[in-house]
Every structure is written in C-alpha cells, then in structure tokens.
Amino acid sequence: MSQAIEDFGLPVQGPISGQDTEQVEGRTPRQLFWLRFRQDKVAFVGLAVILLLTLTAIFAPVIADKVAHRGPNDQTLAREMTDEFGLPKGPNETYIFGADKAGRDLFVRVIYGARTSLLVAIVATGISVVIGVTLGMIAGFIGGKIDTIISRLIDVILSLPLLLFAIGIAAACSTSKEGCLGGRIKPGLGLVVFIIAAFSWPYIARIVRGNTLSIREKEFIEASRSLGARNSRIMFREVLPNLVAPIIIYATLIIPNNIIFEAALSFLGLGVPQKTPSWGRMLSDASRLLEVAPWMMIFPALFLVLTTLAFNLLGDGLRDALDPRAGR
Amino acid sequence: MSQIAPTEPASSGPGRRDGALIEVRNLSKHFPVTEGIIFRKEVARVQAVADVSFTLMPGETLGLVGESGCGKSTTARLITKLLPASSGQIFFEGRDITKLSRRDMLPLRREIQMIFQDPYSSVNPKQTVGQIIGAPFDIHKIPGDQKKQVRELMDRVGLNPEHYNRYPHEFSGGQRQRIGVARALALRPKVIICDEPVSALDVSIQAQILNLLEDLQDEFKLTYLFISHDLGVVRHISDRIAVMYLGHVVEVAQADELYEDPKHPYTAALLSAVPKAYSDTDARERVVLTGDVPSPMDPPSGCPFHPRCPKARIVAGSKDKVPDNCRDVMPPLGEVASNHYAACWYPVDVGEKLHRAAHA
C-alpha cells in the first residue's frame, strides 16, 4: 500500500484537447469508481448482504413483533419449547430457528444479535478510524520525533497479545459497577467498544502513515507550499482527499475483524451484558449443548460467517474499484 | 568547501548587480546523512549546493543547466524557500528573504512562483482543475469572482475554460503542465522558477509549452529562472546561462557566447556532447570525459572538476597529473571576458581543442 493512490487508471474517453468545442462529458472519480464497482458481482453480493443485515438489525423489533410475535428475552413459550429434561426443541413452525436452553426464540435472538454485532463493530471501527487517521497523518506528515513516538506506540500495541489484554481489561473493568479509570469506563457495551477501538486503530494509523509519507513527497504538496499554504490546509485539502480510498478500504476490512473480536469477547463472557443477545454469547451457550441442540450453534455461526464474509468481499471489491493499480 | 572559498566572491563575480530582482549570495545547502533509529547521528553530508552566487535581472531568462544531481533543483527549492538554506543569502528586490517565516514570506509568495517538473505529480488528482488553479486565490484571500478569474487563466494558457470541473486524470501531460503554468501565473508573479518544466513532455509538446512560456513572458513581463538539463531547450529560451557542476556554478555567460565560446572545460565538454543533426565538426572532436561525477558526499578538494578535467591535464602535461592549484584551491567565479564568468584557473582558449587531451 505504499504506492499512493494517485488517480484512476482508466483510459480517458474521447479527445480532450484544449481547443475542442464538442462537449465530451467528463467523468468524476466517483463516477469512475461506480463504473468499476458495478462490474464486480461478488462485491455487489457482499454489499447486498450487508444492506439486508443492516435493515434486519435496524428493524429487528418490528420483524420480531410481526414475524415471531415475541421479544428476544420472551420465555412465555419456554414450557412448550423445552422437553421434559429441560433441553430445547429444534426448528419448527413457531420457532423457525429452534429454541435456546431457556426456551427463547433463537430467530429473534439472532436478528437482535445482528444489532449488537453491527453496532459494536461499526462504532468501534468509526472510533478507530478517527484515532488512526489523526495519528497516522500527524506521524506521516510531521515526521521526526513525533513520527518515532507514534510509530513505536503502534508497534507496541500491535505486538501485545490482543485477546489476553482484552480479557484482562474487560475482566478488570467488569468486576464492579464502578468500572475502571475512575468510573470513566463502565462495564457493558461501551467497554467492549472501547477495547475493540483501542486495539484496532493501529492498523488504520499504519496504513494512513504510509500513504501520507508517499503523498507528502508529491510535487503538488510542494506546489501548495510554494503558494504559501499553511500546514492545516495542506493536510486537509491536499493530503486527506488522497487518503479517502485507503481509509474506506481498510475500515471495511477491519469491521469483520471487530465483529469477530466482539463475538470472541462475548463468547468468553466478557462482552456485552448478560441479557443483550449477541452471536458470541449464543455460540458460547450452544457449545455446551452442541450434540443435542446443534441449531443453537448453526444459526448464530452462519450469520457470523455470512456477515464477516460479506464485509471482506465488499472490502476487496472497494479496493479493486478505488485503487485499481494496487496489485493483489 | 567554504574554507578555501575566495574572499568575497560576491563583490567580484556575477553575484552583485544593481537592480537585480533576485540575488543569490554564497548560497549553500547540505543534507545530513544520518544513522540510527532512536538516536540519530550525522555520519556524512551531501553537499547539494555549494557557495552559489548569481543574479536574476528583471525581465530576463536565466538558464540553469547541469547534469542530474548537480543541485539545480535544490537551488530552485532554496530560492522558493521550500527548503531552508544551510548558509548564504537570498535577496528579492534587495530584501534579504533567507530567514523569513512562512507568515512574513506570504506576501512575497505572490511574486515568486514555481512550475514543476512532473505534470503527473504536480497536480492533486483529487481536485478539479478549477480547485487547483483557484488555490492561489484561496490561500491569498483574493477577492472577486474566482471562477471567472480561473476561467480567464485557463483560456490564457490554452485550456478550454469549459473544463473547469474536470479532474487531472482527464488531461494529457502537456495539458496538465498548462494547469501548472496557470496556477503559477494566477497571482501575477514577477518571477517564475521553472524546474525542468518540459523535461517530462514529448518533444512536440515541449515546443508548445516553451512558446507558451515565452508568450506569457512578453505579456506579463515575467522573469524566469529556467532549469533544465536539455541544452537545446535552454539555449532557445535563455538570455543568460549558468552552468552547474557538483553544486557549484562553474560558468555564467550570455547564452550565445556560452555556446560559441565556453570558457570552463566542463561547459566545453558538456556542449560537445550535444547531438547535432548537421554537424560540421567531426564526431572525434567530442570531449569524452572519463569517470563518473564524484559523490557529493565526498567532493574532491580544490576545483570539483579537477579529477576529470582535460584542460588540467594539458596544463600539467600528463594525463595522470593536474596542476597543484586545481587540486588544492577552489577557483573563484571570475570575469574571464566581458560579462562572462568562469570558475577555472585555466580557462579554455577560443577554438582550443580539448578532445585530444581527453583521449590522450
């Protein structure tokens, strides 16, 4: 990725001489991107799946109400949906994904789980993009000692045993209602978002720093400087627009990582609070009943795989469309 | 380099003339070569520009020629203050601008503009032509209808003003260079530093851009510092020419005089290497220099050209020997003929053949 995203490699259509009177409609970079992206069927499927999932997540309460007629923690049918040994029953007409061991509707819990997963992953990714872009641009643009400090910080965080640290922080901050850091970090969804963001910004920062370093050496930066532009203008008007493509690509590619990260934390019982449906926690519950109730594992896992796959495919497609010159 | 610099070269050389628009006095730039990741220490220095003095008179075009890596572009960046000078002074209309801050320099930016070498790298691919050419108006907060001003500029440099909202990828190299010219012209500067503005272009496009630059010079009374390694281009556009070798200006003269009567052996060798379509001189008269340009990290003592100089060998009478003063003392840029300056202890005589020495 050290190669800068300079411009789009499509051949220019039609004659563009300074004197031509006949109007040839020019294409903006956005139009060119869309033209290329449209041809990528796989990425398009990814995008469709993500849109569908997002809609499902947003309208989860409506769907749960209209289709299943019950909420995620509804146990009114618990007696019917568990057998005499207290084991959950599999998919049937009422519970299309079957029931979990508390007799709750797995379908409703899975679509509510999409809410948790997408919310945590997207918010955490958003935060890490803001931190990563800011620090990466500062490091790459200013350089010198500041670059050394930020780059070493990135190295240190990337070298930490991620899950171990996450478990440590999550456990430490979840022991009491006070949370940690003087009550600034409360246990729950916010804590999960904080941990994920804290460990995923270095990926963005590294990419942004590398790209900034190569853009900084371009002559148009010198041109701007020779016009007397201040650093803030150069960073926001000249450098940042050239970083948009890599930022979008890498943000899309770390979202699935963050979804899995949230699932892993929830699987270990350190993620979102008890009653919040989460794919990770559902998998954890299912692991103890895998042989008698495989549907408890299959459906959340299927959604998890589908979501991460869709984001990865979309990310790859975006990369191909935004940065056609980057080799695979 | 400076420890053996002649006393006050600025007073004798071409570095002082009244009414100069830009005057460069003893300008030097070295880049440190560092080692170590956390604790950086300087292990060597690259002497990119060494003790350079020249003037730029209003309305003239001064050509700056030399091989790749001789410090031409660094000199341009020092004058436009894209790089800080290590030592020496730069005067603009008699005012020392060497140490000016960005804020103090801002009004002067309107007077000194730059055209860059690579038309593909010198325009931001994410901005429209209108934004690129409009940037000078934004930065200097110039009132008025910016779109109209930009369209006029586009028209003036031969771009279709209708293409205001297009992106650089829709333009050819020559047209992109016109965008660069329009941007440099936007603030109506007095001086434009052209850093190899046509080197990256096709020969046919080169001519178009050169003609454009000449037309603009007449129309707006511009002064050019024209940097190039193409001797034909430089001769075509320049009034005076300065030749650089290894960070030093070794010769300055009127364009035609320099081409017809080079005084510095390096200039003579450089000119003899220009391919000619119809040549009355024998190919064997070409002065072929031996060896490579010395590393600017470890420049030779005395005259920077002495390890390769054919004239020094003629004077010493042996191909292995050079005169002591060539080896030990940097020759000052002295006036060898009227308004013709050369930094050489033994300037080339009119019609003197150097190729024999080179082949000896």
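We use all heavy atoms of the structure for the numbers below, so side chains are in, but hydrogens, waters and symmetry mates are not. Here the structure is a predicted model, which means the values were calculated and not measured.
One N or O on the side chain of B/Gln127 and one on the backbone of A/Arg237 form a donor-acceptor pair closer than 3.5 Å. When atom types are taken as modelled, the side chain of B/Asn124 and the backbone of A/Glu238 share a donor-acceptor pair closer than 3.5 angstrom. Side chain of A/Glu222 to backbone of B/Leu82: no donor-acceptor contact under 3.5 angstrom is found. Between the side chain of B/Ser122 and the backbone N or O of A/Glu219 there is no donor-acceptor pair closer than 3.5 Å.
Heavy atoms of other residues, nucleotides or ligands lying less than 6.0 angstrom from CZ of B/Phe220 number more than 12. Enclosure of atom CZ in A/Phe199 by more than 12 non-hydrogen atoms of other residues, nucleotides or ligands within 6.0 angstrom is indicated.
For A/Arg225, the parts lying under 4.5 angstrom from a heavy atom of chain B are both the backbone and the side chain. With a threshold of 4.5 angstrom between heavy atoms, B/Arg77 approaches chain A through side-chain atoms but not through N, CA, C or O.
Side-chain contact between B/Met114 and A/Leu227: absent, with no pair of heavy atoms (C-beta onward) separated by less than 4.5 Å.
Among the residues in residues 181-204 of chain B, those with a non-hydrogen atom closer than 4.5 angstrom to a non-hydrogen atom of chain A are B/Arg183, B/Leu187. Interface residues of residues 130-142 of chain B toward chain A, defined by a heavy-atom distance below 4.5 Å and sorted by number: B/Ala135, B/Pro136, B/Asp138, B/Ile139, B/His140.
Here B/Tyr167 contributes atom OH and A/Gln31 contributes atom CD; the two are 9.5 Å apart, rounded to the nearest 0.5 Å. Annotation: the span from A/Ser226 atom OG to B/Arg109 atom CZ amounts to 6.5 Å, rounded to 0.5 Å.
Shortest non-hydrogen contact noted between B/Pro125 and A/Phe220 is CD-CE2, 3.7 Å.
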